Structures are given as structure tokens and as C-alpha cells.
Amino acid sequence: MTKNIELAEVFTNIAKILKIQNENIFKIRAYEKIAETLENMPMEIETIYKTGKLDEIPGVGPAIAQKIGELLETGKLEYYEKLKEAIPTGVLELLNVPDVGPRKAKLFYEELGIDTVEKLEAAALQHQLQSLPGMGKKAEENILRGLELYKKREQRRPLGIALLAAEGIVAELKPLAEVAQISIAGSLRRRKDTIGDIDILITSLKPENIMEKFVNLPQAKEVLAEGMTKSTILTYQDIQVDLRVVPPDSFGAALLYFTGSQAHNIHLREMAVKQRLKINEYGVFQSKDDKKIAGENEQKIYEILGLRYIEPELREDRGEIEAALNNRLPVLVEVDDIKGDFHIHTNYSDGFNTIEEIVVAASKRGYQYIAITDHSQSLHIAGGLDEERLLEQIKRIEQINQSLEGITILKGIEVDIKSDGTLDIPDAILKRLDIVIAAIHSGFKQERKQLTERLRKAMENPYVDIIAHPTGRIIGYREAYDIDVQEIIQIAAQTNTALEINASPERMDLSDIYVKSAREHGVLLAIGSDAHQISALDHMAYGLAIARRGWLEKEHLLNTLSFDKLQARLKKK
DNA sequence: GCCGTTTTCGGCCCGACTGTTTTCAGTCG
């Protein structure tokens, strides 16, 4: 795990403990902010520390700079150790139970010695909570329900899963006569790679029927809350869905607010305050007389603040507001810009479809080219191709290509990078391909240095065009392997190797912050669907989401090149 | 604890809902 994430966790926990201790909320926010900054930073904090530039990071002052230094130098933090003596880490876990916040956690710990979720449940079942000050029967019941939700609550879902679920619900609600406008909001609208819950926004003057329909949806397993403006259900997939209804003239303000991110919203509201304005989910208001001056559309709200419209994918407070202010927002790549797919498997290895079936499907999607990239021999389990079968496939593709019009199949391979960094198909064969993508599929547990060197060696190979799924993470199943992504980006720039945005919903690799960093280092990105069947060609949309979240314009993406220009950009074979 | 196109001290985003309350605290997004 990278140091950034480790440090972020320490600062998050400090914030939680301080909350329980009822410290100054702004001090707490300072710790929360640095934790978030660390999580969102593509650079290693250690690198910045070594160059003595910690204080250039927004939100880092003398106190936090000292703490980062101490953590990096000693691996420990005296201040944090002291705090943990007062509030054990187990108590912090209580905060993850819905309806338990810092005040109740403190109450339960101090009055009943509750320092684990298990103890909390036992106490609730024995009705020990309802007699505590400020508690009551209802409150205790709510905690029990919170515990059920806590146990059910899955990890964050891949974007692909959540998006399908949300689109299903929108399709049910949209036809209702009372619905004026409907939109997906929240992190789903921002197309974040993983989704906690689904937010849907509707405008209407008559919400009753809409709410009625919503809580009785076939997808709804359980109703968690039901009100006039806000209801929450749990689906059979255990995904929480929030529906909010506002009047039509607040659509823009509500959409802005419910889309977030929270950091983006706070930044906008701070700007508004300086202009003697107030923004809430109903509109933009003048401070002097509370007069509403905007609300019906998002664009107008940005305009009033002196900003260009900011696409949802950019709203993470990662510099997009400053860019909008200076008219320097990227012109994000769009779906129509995509001319082809660089990562597709067939039934030559572990895919389901034939080359012919895939090319027909790709053609329907308007692609100019696709790369057939089956696994190579080391991946026995996936029926990887040895030299002989690869040569056979090359021949086959050349045959098929002769009969095609408007689309070309690129002869390719997803070649395995062996543990010593060599490839398991010799250069003499790679040379005969149009495109080579290389990937690590084994030896994930190697040391950081060794893994990074492995990738370096692969990128230095004169025939390797793209590194597939560069960090190897699988969402909810496997952590990224321990590579120095920043160094990989630099090597990619030096060797003119593209990095893949693997669009498979459980991979989504590279992730947005590294994509943005790659862009800044002049590295080209290449989206690959990693499709193993025709329907998965549509995963391209998820790859595009990452590209847009990584600030990519058309020119940063290999997939936007016409077939002719693409050939000129690939390494010479 | 951080920060500065009114400030190096005094600010720091905004509101809904719920439950236990006689006016508000806690939680959530």
C-alpha cells in the first residue's frame, strides 16, 4: 500500500477521534481535508517531503507538515498514539453504523464500555441503550436497523453495476406524468469508478405518486425512509437508492448540489460567499435581500460565479474550478471521438466469440479498427496462444481483413510479462503483429522495485505499444500490485509506450488520478474494453468515463486516431 | 488547524430530517 493511503488513514482516524472528543469542527476539517488530499494525489507524498515542498500542498500548515514528517521518518505519530489511548480504534468502527455518529459513539463507549460493533448489537438487543441520556425507544430501534444495514452494506460497487441498476430505475420512473425532469446525480453522474449509493433527482410539483411508485418498485427489497421530498430504498442487490424531488425551478441548483462532489460544492459556496451570494439546493440567493437569482439550470449558476460550465466528471475540486475561472478547462473526449478498441479476446483464448462475430459487432458500433489481443502461452488457464497458434491467428485475420470494408482488424496479442520482465513471445514473432499490449498476470507479490523494473523492461521492448491494466487491481477483490506508478508514467513517456485504461468494470485501471498525471507527463492513454464477449464491447463507456475524469482531451487518447494516423503512432514493427 | 483581492486574527458551506425535546442536538449528504 502506498504511503499516501496509509497516511490518509491516520489523518482520517485522527479526525474521527477528535469528533468523538468534540473538538473544534474546523480543526477536524483540516485533518479530513489533508486525508482527502493524500488519497487524491498521484505523487508520492514521500517524494514531495524529500524535496522539502510539503508546505506547498494546500491544507498543509506547520502542524500537519510536522506530522507527515514524523510519520514518514519514524512510521509512527506520537500525537496519534496518545489519541488512541483515549479512544480505542474499535470505537471508530461504530461510526460506520448508520445512525451512530460521534456523540452517540462517545456516549456508548463512556457509559457502557462499548468498543466494538458486536458489543453495540448486544447492548441494543438487551435494551441497554434506550435509557441513556438523549436516547429513547425509537432511537434504539433505529440503531438496530442501522446494524442490519451495516452488516448488509456491501463494499462500494463498480460503476458498471451501479449504472445499470440506476438506469433501470430511471426507466421505471421517467414515464410518470408527474415527472418533469429526471436525472441520475451523485458520484454516479460524476462517473466515479466505484459507487457507494445511487442518487436520483426528479423535479415535480406533485411528488406523491412518484414516491408511491418509487417505494413499490419491483427492484425494492426494503424501504428505508419515505417522505414527501426524499425516500430511500434498498434493492435486491443491496444497493441503496435515494430519490429526491424538488420543484422545477430548482432543478439546476439541486442537480449541482446532489451531484457534488462535496469538496467541489464547498469550494463553489466559498466563492459565492465572497461575492455576497449564497448557494443551496434551491438556488443562488443574494445575501442582502435573499433574492433568488438562479436555480433552474446548472450552467447559469456557474456563470454567475464567473465560471465556465464544469462537466460532472471533473467536479472533484482537483483544479477544475481554477481552470474554469481562467477559461482553461479541458475539452473532454467524447464517445463519438472513439474510433476503435485495443483490447479484445476471442475464442482463440478465453473469449466466447469468434473473430468474425466480434468484427461485425465492432462495425455496428462505428469503429474503424479493433485489435484482437488474446492471451499468450504462459496463461495456460486462459488457453493462451503459443507461437504456432498465434501465427495461425495472424493468418486468419489477414484473410478476414481482405473481405472487410470500413473496419480493419489489428493483429495483436496481450503478451505476458514474465517475472524477470521478459515477454513470453519472442520479438521475431511480435514483429509480425500490428499492435502489442503487455501485461503482468503473475508474481503480484514481488517487491515494488522488482515489479517496477519488470514493467520498465517490457516498455523498453521496441514492439510493446501498450501496458495493459498497469496496476493490476480488481475492485473488491485484489489490491493493486505494489508498483511505483509515477515512475511507470515517466518510463512510458521516455519509451513512447501508451498506458491502458482498462474499461472492464472490475478493473477500471489506470484510475482517474493516474490518468490525469499521465496526461500531464505527455503519456498517451489507450482504452481497452478487455471484452471476452461481444456485449462487453460496451464497457468502452466506462473507460471513457475514466478518461474524462482524468481530464483527457481527444489528442491524449490513442483511440481517437483515424486508422492511418494510428499506424503512424504505433511503434514500428 | 489553515488561511488572507477588505483580515496574520477571526473567520471557516448549507440545509433536511428525526427524536427527544420545551428550544435543540445529532446525523446525514
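On a predicted model such as this, the values are computed, not experimentally measured, just so you know. The basis for the numbers below is simple: all heavy atoms, side chains too, and nothing from hydrogens, waters or symmetry mates. Convention: sequence-line order gives letters A, B, ...; per-chain numbering from 1.
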Q) With a cut-off of under 6.0 Å to the ring centre and 45° to the axis, is A:Lys67 in cation-pi contact with A:Tyr79? A) yes

Provide a list of protein-nucleic acid N or O atom pairs under 3.5 angstrom, restricted to nucleotides 11-13 of chain B.
from, atom 1, to, atom 2, distance (Å)
B:dC13, OP1, A:Arg29, NH1, 2.6
B:dC13, OP2, A:Arg29, NH2, 2.9
B:dC13, OP2, A:Glu270, OE2, 2.8
B:dC13, O2, A:Arg269, NH1, 2.8

Assert: residue with more 5' nearest nucleotide on DNA chain B, out of A:Leu277 and A:Phe258, is A:Leu277

In terms of heavy-atom contacts, A:Glu46 and A:Lys3 come closest through OE1-NZ, 3.3 Å

pair_partner(B:dT8), Watson-Crick or wobble, both distances < 3.5 Å, evaluates to none

Subject >> Short side-chain N/O contact to B:dG15 OP1/OP2 from A:Thr229, under 4.0 Å >> reply: no

Output for pair (A:Ile20 CD1, A:Lys104 NZ), nearest 0.5 Å, gives 13.5 Å

Short N/O separations, protein against nucleotides 2-9 of chain B, under 3.5 angstrom:
from, atom 1, to, atom 2, distance (Å)
B:dC2, OP1, A:Gly61, N, 2.6
B:dC2, OP1, A:Gly61, O, 3.2
B:dC2, OP1, A:Ile64, N, 3.2
B:dC3, OP1, A:Gly59, N, 2.7

A:Phe108 meets the ring-ring contact (aromatic ring centres under 6.0 Å, His included) criterion, sequence neighbours left out, with none

**Request:** May I ask you to verify if any side-chain N or O of A:Lys230 is less than 4.0 angstrom from the OP1 or OP2 atom of B:dG15?
**Result:** no

- Query: Just checking, is any N or O donor in the side chain of A:Gln181 or A:Thr203 under 3.5 Å from an acceptor N or O on the other one?
  - Reply: yes

Check: Under 4.0 Å between a side-chain N/O of A:Tyr257 and OP1 or OP2 of B:dC14, yes or no?
Finding: no

A:Arg308 meets the side chain to side chain donor-acceptor pair (under 3.5 Å) criterion, sequence neighbours left out, with A:Asn327

For A:Tyr236, the ring-ring contact (aromatic ring centres under 6.0 Å, His included) test, sequence neighbours excluded, returns none

With sugar-phosphate taken as primed atoms, P, OP1 and OP2 and all else as base, the protein-contact string of nucleotides 23-28 of chain B at under 4.0 Å (heavy atoms; B, S, -) is ---SSS

Of A:Glu313, A:Glu311, A:Glu298, the one forming a salt bridge (Lys or Arg N to Asp or Glu O under 4.0 Å) with A:Arg189 is A:Glu298

Expected label for B:dT7 (glycosidic angle, syn inside 90° of 0, else anti) would be syn

Q.
Side chains of A:Lys213 and A:Leu176, heavy atoms from C-beta outward: is any pair under 4.5 Å?
A. yes

Rounded to whole Å, the CG-C1' distance (A:Asn142 to B:dT20) equals 12 Å

Both conditions, 6.0 Å and 45 degrees, for the charged tip of A:Lys84 above the ring of A:Tyr80: are they met here? yes

Side-chain contact check for A:Lys27: nearest option of B:dG29, B:dG1, B:dT20 is B:dG1

To the nearest angstrom, the CD-C1' distance between A:Gln130 and B:dG19 comes to 14 Å

A:Asp317-A:His264 side chain donor-acceptor pair, cut-off 3.5 Å: no

